[in-house]
Amino acid sequence: MAASVPTVATTRAPWWRDAAIYQLYLRSFADSDGDGIGDLDGLRARLSHLSRLGVDGLWLNPCYPSPGVDHGYDVADYQDVDPLYGGLPAFEAMLAEAHAAGLRVLMDLVPNHCSAAHPWFVEALAAPAGSPARDRFIFRTGRGSAPPNNWRSVFGGPAWTRVGDTDQWYLHSFDPSQPDFNWRSPDVVEYFDDILRFWFDRGVDGIRIDVAHMMVKHAELPDWAFPADGSAAYNEYAQNQPEVHDIMRRWRSVAAAYDRDLTLIGEIWVPTVEDLARYLRPDELNQAFYFDLLQCRWSGPAFGASIERGLATIAATGASVTWTLANHDVHRSVTRYGLVRSVNGSSADPFSDGVRGRGEVDVALGAQRARAALLLVLGLPGSVYLYQGEELGLPEVLDLPDSARQDPIFRRSGGTEYGRDGCRVPLPWVASGPTFGFSSGAAWLPQPSWFGDYAVEAQWADPSSTLRLHARALELRRSLLDVVGAAPLSWLAAREDVLAYRRGPLTVVTVFGDEPFAVPAGWGTVALCSSSAWTEGAPLPGNSSAWLLA
């Protein structure tokens with residue numbers, strides 16, 4: 001059925017420009033010691049899953065020593081690994097085995113804030129107002145009994161916490177357990193230079209930078225006009241300040257001093273693609289996640305416009321686009337694309353409720369669309385990040401009991417926002433057993449009974465499974481890279497609900513509507529289809545994608 005893949009000799013671009021990277025949420029991947037929390041030895045034992053899947057590397061969510069209030073994004077020590085995960089020796093053993101298997105490893109760095117248990121912040125609380133210790137963070141005098149300004153936490157509530165019964169407050173853009181660094185302090189700047197070198201010296205292949213756009217705040221900390229609904233929304237005084245670009249240039253210089261191909265990739269939520277592109281200038285970041293596509297409703301015109309924006313604007317910087325459709329902060333793609341009615345009863349555009357919208361979900365429809373979206377994105381020029389569990393087609397776990405929820409968003413919002421626990425439930429490796437092979441003890445988040453239907457072991461044995469689709473697509477993508485890597489994307493005329501593009505010998509067709517689409521003669525031979533119901537020679541089913549080769 002599949003057409004042959006042409007081959008050419010070519011000089012490959014840096015590995016990260018077209019890599020497929022697996023985002024690995026460590027505490028939910030695989031547990032080796034029975035404490036119910038994933039760890040590095042569990043990861044080592046399952047590295048073969050990633051090799052067989054066909055990814056080029058993994059991005060490891062934070063595994064530093066941490067009180068775990070925000071599950072690692074509250075860092076107490078940036079130059080060590082938490083004993084909960086096996087400590088630094090387990091990390092180094094994992095890194096060596098990953099490299100031996102041909103997998104790159106990226107660390108997750110959290111430079112906007114640290115844990116309240118970090119020695120610097122403990123010292124700052126004990127020091128007087130105006131001291132050098134406090135200057136490493138953002139302490140300010142309140143306005144009487146009120147905070148220094150009206151800023152709101154991304155997790156809900158005010159962004160300030162008072163220090164005892166004094167007139168001093170400290171800023172935390174997220175949880176009170178995560179005080180923000182003051183990036184105007186030379187101590188902070190030099191400290192993170194050392195952190196980057198610490199991990200590069202150990203052989204990691206890149207750094208993912210958490211909320212990179214939030215690292216610097218307006219010097220005067222003025223009030224911001226928030227919307228009346230009480231949401232934190234976008235605060236331009238707390239985000240995307242010009243000085244952030246100076247830090248990115250400095251870090252690029254640190255990475256450039258190493259004689260190997262390192263990457264710096266930013267998590268950057270900014271208002272426009274033009275804002276994002278400024279972080280990708282030649283002397284700043286190598287990569288930045290393109291979240292615009294992740295936020296698109298299931299619509300051909302919407303997806304097409306987003307892809308065009310990303311390619312046109314980011315390519316102008318010389319960078320490649322970094323695509324992703326899911327991560328540890330948003331609902332899983334099956335659930336997002338299957339949301340047919342939101343909690344407010346609107347079926348006209350349920351996706352308007354955002355990346356964590358809730359309501360009635362058609363799981364079967366969402367699964368079809370998620371499989372189609374996978375092929376659409378994997379054919380695009382640039383790199384792709386795949387969140388763990390997406391290769392299994394896992395839906396979001398929407399009905400966790402309140403007593404089990406651990407995301408600080410749930411607590412800070414008074415239980416009105418359920419948060420991100422539903423996409424972080426530990427993976428099912430086998431179809432039965434108390435934790436479906438994840439652990440010999442109770443999992444840190446409870447897995448629903450239906451998780452066994454998505455087990456890794458069963459999906460590897462099923463040629464039509466979502467896991468096997470991922471593996472086949474990644475294998476074919478890799479075989480095509482030398483041919484289509486530098487090929488420009490050209491759009492093909494099709495129905496309004498059909499998106500079709502060509503790159504060299506590869507044509508990708510996605511049907512967003514329900515009506516089947518007959519592929520025009522001359523577009524090529526179908527090499528891969530997202531729909532297990534498709535048969536050779538038949539039109540492509542609705543909510544499906546296909547790869548065709550000329």
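From a predicted model like this one, the values you see are computed outputs, not experimental measurements. Values below: every heavy atom of this structure, side chains too, minus hydrogens, waters and symmetry copies.
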If you look at every heavy atom in [X] and [Y], which pair is closest and at what distance?
X	Y	answer
L386	L474	CD1-CD1, 4.2 Å
L469	C529	CD1-O, 3.9 Å
L376	L380	O-CG, 3.5 Å
Q459	L467	OE1-N, 3.0 Å
W15	L106	CH2-CD1, 3.8 Å
F29	L50	CZ-CD2, 4.3 Å

Quiz prompt | salt bridge (Lys or Arg N to Asp or Glu O under 4.0 Å) evaluation trace for R46 with D31 | solution = CA-CA 10 Å; R46 299 287 190 179; D31 173 30; over 6 Å; no
Could you tell me whether the side chain of [Y] reaches within less than 4.5 Å of the side chain of [X], counting heavy atoms only?
X	Y	result
Q23	T324	no
Y234	P271	yes
E396	C423	yes
W547	L549	no
D329	E267	yes
L374	S530	no
E236	N240	no
F289	W269	no

Working to the nearest 0.5 Å, report the span between [atom1] of [X] and [atom2] of [Y].
X	Y	atom1	atom2	result
L264	M248	CG	CE	8.0 Å
Y25	C63	OH	SG	12.0 Å
Q287	T263	CD	OG1	3.5 Å
I268	H213	CD1	NE2	8.0 Å
Y385	I265	OH	CD1	3.5 Å
N543	D514	CG	CG	5.5 Å

Quiz prompt | side-chain contact (heavy atoms from CB on, under 4.5 Å) between D421 and D407, intermediate numbers included | solution = CA-CA 6 Å; D421 290 322; D407 191 341; 3.6 Å; yes
Looking at [Y] and [X], is there a salt bridge between them, counting it only when a charged N and a carboxylate O are closer than 4.0 Å?
X	Y	answer
R411	D402	no
R478	D56	yes
D70	R420	yes
R208	D210	yes
R356	E417	yes

For the backbone of [Y] and the side chain of [X], can you confirm whether one donor and one acceptor N or O come within less than 3.5 Å of each other?
X	Y	result
R468	W460	yes
R341	G359	no
R405	L400	yes
S306	F303	no
R336	V355	no
Q388	L24	no
R358	V343	no
T313	G310	no
R17	G485	no
T272	D275	yes

Describe, in one word, how the ring planes of [X] and [Y] are oriented to each other, choosing from parallel (under 30°), tilted (30 to 60°) and perpendicular (over 60°).
X	Y	value
H328	W59	perpendicular
W298	Y337	tilted
F174	F155	perpendicular
F226	W224	perpendicular

Are [X] and [Y] close enough that a side-chain donor and a side-chain acceptor fall under 3.5 Å?
X	Y	value
T507	R502	yes
W444	S28	yes
S383	T322	yes
D205	H99	yes
W491	E308	yes
Y73	D108	yes
S531	R371	no

Quiz item: Between V55 and I21, is a side-chain contact (heavy atoms from CB on, under 4.5 Å) present by the stated rule, with each step listed?
Solution: CA-CA 6 Å; V55 294; I21 300 294; over 6 Å; no
Exercise. For side-chain contact (heavy atoms from CB on, under 4.5 Å), just list the numbers for Y279 and H245, CA-CA rounded to whole Å, side-chain angles, deciding distance to a tenth of an Å, and then say yes or no.
Key: CA-CA 7 Å; Y279 289 84; H245 296 281; 3.7 Å; yes
Quiz item: Where do S333 and Y387 land on the side-chain contact (heavy atoms from CB on, under 4.5 Å) test, with the steps shown first?
Solution: CA-CA 10 Å; S333 57; Y387 178 50; over 6 Å; no
Quiz item: Got a sec: does the CD of Q295 have more than 12 other heavy atoms crowding it under 6.0 Å?
Solution: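 For Q295, atom CD is crowded (more than 12 foreign heavy atoms under 6.0 Å).
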Self-check item: Residue Y454 excluded, over 12 heavy atoms near OH under 6.0 Å
Solution: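 Correct, the count exceeds 12.
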Quiz prompt | Cation-pi, F517 ring and R495 (6.0 angstrom, 45 degrees) | solution =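 No - R495 does not lie over the ring of F517 by the 6.0 Å and 45° rule.
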Quiz item: Do R104 and W16 meet the cation-pi criteria used here (NZ or CZ under 6.0 Å from the six-membered ring centre, within 45° of the axis)?
Solution: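 No, cation not above the ring by the 6.0 Å, 45° rule.
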Exercise. Carefully, step by step, assess Y22 and H470 under the rule ring-ring contact (aromatic ring centres under 6.0 Å, His included).
Key: CA-CA 12 Å; Y22 187 92; H470 275 74; 9.3 Å; no
